[in-house]
Amino acid sequence: QVQLVESGGGLVQAGGSLRLSCTASGRTFDSYTMGWFRQAPGKEREFVAGITRSAGSTYYADSVKGRATISRDNVKNTVYLQMNSLKPEDTAVYYCAASPGYRAIYYVASYDYWGQGTQVTVSS
């Protein structure tokens, strides 16, 4: 079992930045691929970014590529999402999730554990 707790969301003006954090319980954090997803009102949950267990590879949705950086600290059991040049269309609840690592990184169904989400609101 892995429990995930996100933090760092909030209200920011367009063009601003936020860093989201997700801290995991348990001693097996480094055995999981980690992902960030988001869900806007009335829309499906979508992939934002993912990072493999050893942080050897990172993946991004086209909508955030060049503006987002995912990283992890396996000592602190934490994964981060740095978002820059935020746009109103980035407004959503952001979730972190953990996957066993042998599944495709882009899909909601690949992840077994989810945090409760943190709201990001970008004003124009």
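Numbering starts at 1 and runs along the sequence shown.
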Roughly how far apart are [X] [atom1] and [Y] [atom2], rounded to 0.5 Å?
{"X": "Asp30", "Y": "Arg53", "atom1": "CG", "atom2": "CZ", "value": "9.0 Å"}
{"X": "Ser124", "Y": "Lys87", "atom1": "OG", "atom2": "NZ", "value": "14.0 Å"}
{"X": "Tyr59", "Y": "Lys65", "atom1": "OH", "atom2": "NZ", "value": "11.5 Å"}
{"X": "Tyr60", "Y": "Ile105", "atom1": "OH", "atom2": "CD1", "value": "10.0 Å"}
{"X": "Asn84", "Y": "Arg19", "atom1": "CG", "atom2": "CZ", "value": "11.5 Å"}

Might you point out which heavy atoms bring [X] and [Y] nearest each other, and give the distance in Å?
{"X": "Leu18", "Y": "Gly8", "answer": "CD2-O, 3.7 Å"}
{"X": "Val48", "Y": "Val64", "answer": "O-CG2, 3.5 Å"}
{"X": "Ser123", "Y": "Leu11", "answer": "CB-CD1, 4.3 Å"}

Inset, instruction - Flag yes if more than 12 heavy atoms outside Gln119 fall under 6.0 Å of its CD atom; otherwise flag no. - result: yes

Should [X] and [Y] be counted in the same cluster of Ile, Leu, Val, Met, Phe, Trp and Tyr side chains packed under 4.5 Å apart?
{"X": "Tyr113", "Y": "Tyr111", "value": "no"}
{"X": "Leu20", "Y": "Phe29", "value": "yes"}
{"X": "Val93", "Y": "Val120", "value": "no"}

Donor-acceptor pair, [X] side chain versus [Y] backbone, under 3.5 Å?
{"X": "Tyr94", "Y": "Ser7", "result": "no"}
{"X": "Ser110", "Y": "Ala104", "result": "yes"}
{"X": "Arg67", "Y": "Ser85", "result": "yes"}
{"X": "Thr118", "Y": "Gly9", "result": "yes"}
{"X": "Thr91", "Y": "Val122", "result": "yes"}
{"X": "Glu6", "Y": "Cys96", "result": "yes"}

Legend entry - Asp90 and Arg38 ion-paired at < 4.0 Å: yes

Close side-chain approach of [X] to [Y], heavy-atom, < 4.5 Å:
{"X": "Arg72", "Y": "Met34", "result": "yes"}
{"X": "Ile51", "Y": "Val79", "result": "yes"}
{"X": "Gln3", "Y": "Val5", "result": "no"}
{"X": "Ile70", "Y": "Trp36", "result": "yes"}
{"X": "Leu81", "Y": "Thr69", "result": "no"}

Legend entry - Between Thr78 and Thr23, a side-chain donor and acceptor under 3.5 Å: yes

Legend entry - Charged tip of Arg45 within 45° of Tyr95 ring normal and under 6.0 Å: yes

Legend entry - Trp114 ring center within less than 6.0 Å of Phe37 ring center: yes

